[in-house]
Amino acid sequence: MSAFDSALKRQGDETKEKARSGRGWYAVLARTGLVAKGVSFGLVGVLAIKLALGSGGQATSREGALAQLAQQSFGKFVLIALALGFAAYALWRFVQAFAEKADSDDEGAKVWGKRAGYIGRGLIYAGLTYSTLRIVAGSGQSESQNERAHKSAAMLLDWPAGRVIVGATGLVVVGVGLWNLYRGIATKFDDKWRTGKASPTVKKWGVRVGVVGHVARFVVFGLVGVFLIKAALDYNPKAAIGIDGALQKLAHASYGPFLLGLTAAGLVAYGLYCLVDARLRDVSAN
């Protein structure tokens, strides 16, 4: 083995040790990323609440909320901080995937499934980092999530078995929504909390906002998934929606301002939950 290979292996082993211990720069990446995640969902919720109350605001995605933030006098400074946070979150998930290990040979498939999930989340936040930096650079938000959903669905529907792919994607997104509902109702989200680090009051309110926040994510992801399935069944790419479209559907429904306000408050609660999670979570990789 060459000196370069030895150094690379040693660095890889040190990275895994940091991740599995949940300390040092690895913990900084995780906690910084969770804070940025929380702030971004909180921004979406606040804008939607303002719309529901009739005092401005809009039903938008996280990218749209960041574009709105850029118009404020202090906005670009906050966006730079958020971009660093999103990048930290992406790196955390990539390192987590690298450090994941199986306790036995029988857990190989499970471990690779978890790695795929970590990489998928990392890619989402890498994309969000790129979008945020574009906004900071003045390129703006080129298109909404709704418009991207229409284009992506149209492209996929032109493929062989495209309707199956779009429909299956919709089922996966509905599954993500149901998983959030289960995590919220069963309070599974606090399994990794270091309860000794929190006062009873912080833990109690952390659980409360976590439940409300996960239920709100179920509503949003559920709507996105259902309309993806509808796009596949109707062969109509314009039926596909993003997070902004899901909030718009709520706004235009019967009792729209009430439903939108409840869901938006839930997204704010999810943002607060992420901040608690950043403080209490045991971020060590398995």
Side-chain angles (χ1 to χ4, degrees), residues 30 33-49 51-52 57-66 82 85-86 89-90 92-93 117-118 120-125 127-128 131 144-146 148-149 169-193 205-229 240-251 253 256 258-278 280-281:
L34 287 168
V35 169
K37 178 182 179 181
V39 171
S40 66
F41 273 103
L43 286 172
V44 173
V46 167
L47 287 173
I49 287 173
L51 177 62
Q58 65 183 103
T60 186
S61 63
R62 287 193 285 178
E63 292 92 335
L66 295 173
L82 286 173
F86 296 147
Y89 188 98
W92 167 43
R93 291 304 191 180
Y118 296 147
R121 294 173 198 172
L123 289 173
I124 289 171
Y125 278 83
L128 194 54
S131 298
S144 68
Q145 269 198 5
N146 258 4
R148 290 205 302 273
T169 303
L171 288 173
V172 169
V173 177
V174 169
V176 171
L178 290 171
W179 173 243
N180 273 275
L181 180 64
Y182 166 70
R183 276 172 57 85
I185 292 176
T187 63
K188 298 295 289 183
F189 53 81
D190 67 347
D191 287 352
K192 290 191 173 183
W193 282 1
W205 283 101
V207 169
R208 288 177 178 175
V209 295
V211 170
V212 174
H214 280 84
V215 172
R217 276 167 58 94
F218 156 70
V219 172
V220 172
F221 283 114
L223 284 171
V224 172
V226 165
F227 278 93
L228 271 175
I229 295 170
I241 61 175
I243 291 177
D244 46 359
L247 294 174
Q248 289 161 17
K249 292 290 183 185
L250 290 171
F258 176 71
L259 293 175
L260 177 61
L262 279 180
T263 304
L267 292 176
V268 172
Y270 186 78
L272 293 172
Y273 152 76
C274 288
L275 300 184
V276 176
D277 198 36
L280 300 183
R281 187 184 183 110

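Sequential numbering from 1 along the given sequence is applied to the chain's residues. Every value quoted in this text rests on a predicted model; they were computed, and no experiment measured them.
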message: On a heavy-atom basis, which atom in Val212 and which in Ala269 lie closest, and how many Å separate them?
response: CG1-CB, 3.9 Å
- request: Could you please spell out the steps behind the side chain to side chain contact (heavy atoms under 4.5 Å, CB included) verdict for Tyr125 and Lys37?
  value: CA-CA 9 Å; Tyr125 278 83; Lys37 178 182 179 181; 3.0 Å; yes
message: For the residue pair Tyr89 / Arg93, report whether a side-chain donor-acceptor contact shorter than 3.5 Å exists.
response: yes
- prompt: What are the two closest non-hydrogen atoms of Cys274 and Gly38, and how far apart are they?
  reply: CB-CA, 3.4 Å
- request: Can you sort out the partners of Thr263 under side chain to side chain donor-acceptor pair (under 3.5 Å), two or more places apart, ordered by chain and number?
  value: none
- prompt: Would you say Ile49 and Val268 make side-chain contact, with heavy atoms under 4.5 Å?
  reply: yes
message: Could you check whether any side-chain heavy atom of Lys188 comes within less than 4.5 Å of a side-chain heavy atom of Asp191, counting everything from C-beta outward?
response: yes
statement: Of all heavy-atom pairs linking Ala90 and Gly122, the shortest is CB-O, 3.3 Å
message: Can you confirm whether Trp193 sits close enough to Val276 that some side-chain heavy atom of one is under 4.5 Å from a side-chain heavy atom of the other?
response: yes
- request: Run the numbers on Asn180 and Phe221 for side chain to side chain contact (heavy atoms under 4.5 Å, CB included), then give the verdict.
  value: CA-CA 9 Å; Asn180 273 275; Phe221 283 114; 4.3 Å; yes
query: Atom CD1 in Ile229, atom CZ in Phe227: separation rounded to 0.5 Å?
result: 11.0 Å
- request: Start with the C-alpha distance between Leu247 and Leu267, add both sets of side-chain angles, then the distance that settles side chain to side chain contact (heavy atoms under 4.5 Å, CB included), and finish with yes or no.
  value: CA-CA 11 Å; Leu247 294 174; Leu267 292 176; 4.2 Å; yes
Value rounded to 0.5 Å, distance of CG in Leu51 from CD in Gln248: 9.0 Å
query: Say you draw a straight line from NZ of Lys249 to CD1 of Ile241; how long is it, rounded to the nearest 0.5 Å?
result: 6.0 Å
message: Side chains of Trp92 and Leu34, heavy atoms from C-beta outward: is any pair under 4.5 Å?
response: yes
message: Do Asp277 and Phe189 make a side-chain contact, defined as non-hydrogen atoms from C-beta onward lying under 4.5 Å apart?
response: no
query: Are the side chains of His214 and Tyr273 in touch, meaning some heavy atoms are under 4.5 Å apart?
result: yes
query: How would you list, by chain and number, every residue that makes a ring-ring contact (aromatic ring centres under 6.0 Å, His included) with Trp205, sequence neighbours excluded?
result: none
task: With rounding to the nearest 0.5 Å, note down the distance linking CD in Glu63 to OG in Ser40.
output: 9.0 Å
task: Mind listing the closest non-hydrogen atom pair of Leu43 and Ala65 along with its distance?
output: CB-CB, 4.0 Å
Leu66 vs Phe86 side-chain heavy atoms within contact, under 4.5 Å: yes
field: Minimum heavy-atom distance between Ala149 and Gly242, given as atom pair plus value
entry: CB-N, 4.2 Å
message: Please give me the minimum heavy-atom distance between Thr60 and Val44, naming the atom from each residue.
response: O-CG1, 3.3 Å
Student check: side-chain heavy atoms of Phe218 and Leu178 closer than 4.5 Å: yes
message: Measuring from atom OG1 of Thr169 to atom CG of Leu228, what distance do you get when rounded to the nearest 0.5 angstrom?
response: 6.5 Å
statement: CD1 of Ile243 to CD of Gln145, rounded to nearest 0.5 Å, is 4.5 Å
- request: Any chance you could lay out the side chain to side chain contact (heavy atoms under 4.5 Å, CB included) test for Leu250 and Val219, step after step, and finish with the verdict?
  value: CA-CA 10 Å; Leu250 290 171; Val219 172; 4.2 Å; yes
